[in-house]
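Worksheet: one structure, shown below.
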Amino acid sequence: MSEIYLEYLKNTNMLNVSNFKPEFKVYTPQKSFEEISEKYSIYFNDFEWKKDSVLKNTDSDSIKVSILNGEILPKEKRFNPEDTENIEYGSFNIINIDENFIKIYNDIFSMLPLFYYQDQDIFIISSKMKPIIERLKSLNKQLTEDEVGKYLSASSGYMIGDYTFFKGIKYLRQGRKITIDLKTDDIIFSKYYTYNYSKKYKKENISEDKFNEIFDIFDKSQEKLIQNYSEDAGLMISGGLDSRYILAQMERVGVSPKLINMGHKNSAEVIFAKEAVEISGNSKNLDVVELTEKDVVENAEDYYKITEGFERSQIYHTIVNYKKWLLQNNVKYLYNGYFGDCVLGGTLYSRLDFDPKSLFEQVFYLTDLADEIKTREDCIRRILKNLGASREKALKQKYDGFKEVNLRNIVEKEIDIIMDEINYETYMDVYLHFQFLTRAHRHVLYCTLTSRAFTEFIHPFFAYRMFETALQIDDKIKTQHELYKKYLIDRFPKYAKITKSGWGFNCYHDDKVCRAGEYFQAFKNKVIERINNGFKKSLIKKDTYYDPIYWYYSSEEFRNFLDNDLKNGFIDRHVKNIEKYYNIKYE
């Protein structure tokens, strides 16, 4: 994986300051770039040393060095990533240096993590936390543990905001610019991007022309990405509609990708993926990797954010040997489409509560979160539920350090930050902002970014204009899946050159039928979970579109680990990882 480490000395008279070179792990042959001056040192490793990874002495505003980790379109926008209005796609960390300043940027989604530390003597920013910790140890600087980070890891499995396991080390939030003044030593953090959230496409005035306008924006965003990154392209194909859409777009522009599918044997996930691939004429390019429950359980730790920001000791991903598959198939750009349904299809709007009253209201009246979240308290309560507030008492009883954690105050702080930066008018939009850029984003992308050790990771549904357009679509359109349905009916079959019934899954019923089908699928999986948990083994395989890892993370089996076995089994390994990597000890 590409790595960045930058160290800036605010106090050059510090005692025991010595040259420090981080030990980046080498997975594939790569070259490194380093620049060391009196005030700063930079180290950058790229897995495949692209021609434009590091540019020296550019003519753009007299920039001396420009380092690009990731991808940006148009490529020249690396010199001015603040011009988001003219950026098509961005998944990057950028460092631009001239005679007077060092300017550091991440993309508006923070797709590639950056962690930072600063005090009166030194400022460090790195794509991994481990080099920061090692450097601070060499300087005899003390780090204070942050119980909030540990609590979030144990309660929900993902971090929010800028929390890590140390108070001194922070996760860089989305769309940030860090300006280091080389003359004054001032270090200024600013947000260079604000989302355009106003609802341009409203249900009461939506027309066929407006629908087509939306589709055209989406299509052009995807097409531009595929055309720019078509060389040696790979696609994680699932049974879902998003990856099939990307496959259809590739078919449309004449790209024949290498395909990989992961799922349970004979599950709908595998069957529908195979059917879509067969229709597209790409069967010879498909590798199917069967997953067992044992694989899922043994590898859940990869998805349970405890090692966020760290290298694995041996291999990134033991369920699927990505390295072997990517290298054997010469896959340079790996596409994934999970987030499409969140952006377009309203996944984050639905409640999926299973009591009889909620089921009736959500299916018959198509009620959803758009009607439920109207006030600040509604927003706080729903986020607390997502963060596992129901387990708060049990966790605080088992771990003394958690007793001082106030989850409500933490959530209120995050909401205030969102409101201050974006000035949203409704708390539904605040909730969705939180969901998009913390929960779903960091949970999903962290898993998939493991492949970046060997390939560049492309997420089409994070194209800038596409995402902004989705934010401008009325919630009532998305929650009822009208937009996504109409989009599929109108465009997908045309691109794949097939009939409307050829996608293996009938998504063309009316809203109530679609919603009832979703709830039946979810309810059936709940029943299967309870049966499997009752026998303490997976007797019945779930027939679902969900990623098996996500299934395990959402299952009662996993929750029982959290609620009842915090000192045994999985959690015991989890705690050992914390103690090993962070040099801390649970009491």
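As the structure is a computational prediction, the values presented were derived from the model and not from experiment.
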Would a line drawn from the ring center of Tyr117 to the ring center of Phe166 be shorter than 6.0 Å? no

With ring centroids as reference points, do Tyr171 and Tyr116 lie under 6.0 angstrom apart? no

Salt-bridged, Lys128 to Glu3, with N to O below 4.0 Å? yes

So does Lys141 have more than 12 non-hydrogen atoms from other groups sitting under 6.0 Å from NZ? yes

Glu88/Lys75 ion pair, N-O < 4.0 Å: no

Got a donor-acceptor contact below 3.5 angstrom from the Thr58 side chain to the Ile63 backbone? yes

Test item: Lys199 and Ile473 side chains (from C-beta on) under 4.5 Å apart, heavy atoms: no

Verify whether the ring centers belonging to Tyr431 and His433 lie closer than 6.0 Å. no

So, Phe33 versus Phe44, ring centres under 6.0 angstrom or not? no

State whether Glu34 and Lys21 are salt-bridged, where the test is any N-O pair (Lys NZ or Arg NE/NH1/NH2 against Asp/Glu carboxylate O) under 4.0 Å. yes

Between Leu225 and Ile458, does the side-chain contact (heavy atoms from CB on, under 4.5 Å) criterion hold? Intermediate values first, please. CA-CA 8 Å; Leu225 272 174; Ile458 302 296; 4.2 Å; yes

Surrounding CG of Asn409 (heavy atoms of other residues, nucleotides or ligands, distance under 6.0 Å), is the total greater than 12? yes

Can you check whether Gln120 reaches Asn11 side chain to side chain, under 4.5 Å on heavy atoms? no

One thing to verify: whether Arg465 and Glu85 come together as a salt bridge, which I'm taking to mean a side-chain N less than 4.0 angstrom from a carboxylate O. no

Would you say the ring centroid of Phe109 lies under 6.0 angstrom from that of Phe467? yes

Regarding Asp185 and Lys39, does a basic nitrogen lie under 4.0 Å from an acidic carboxylate oxygen? yes

When rounded to the nearest 0.5 Å, the distance separating CD1 of Ile226 from OG of Ser230 is 9.0 Å

Candidates Ile188, Ile95, Leu172 - the one meeting side-chain contact (heavy atoms from CB on, under 4.5 Å) with Ile178: Leu172

Between Lys220 and Glu223, does any side-chain N to carboxylate O distance fall below 4.0 Å? no

Gap separating the OH atom of Tyr105 from the OG1 atom of Thr84, nearest 0.5 angstrom: 11.5 Å

With Glu134 via salt bridge (charged side-chain N to carboxylate O under 4.0 Å, His left out) - residues at least two apart: none

Step by step, would you call Asn96 with Lys64 a side-chain contact (heavy atoms from CB on, under 4.5 Å)? CA-CA 8 Å; Asn96 288 335; Lys64 179 182 174 185; over 6 Å; no

Under 4.0 Å between a side-chain nitrogen and a carboxylate oxygen: does that hold for Asp162 and Arg176? no

Would you check if the side chain of Arg78 reaches a backbone N or O of Ser53 as a donor-acceptor pair within less than 3.5 Å? yes

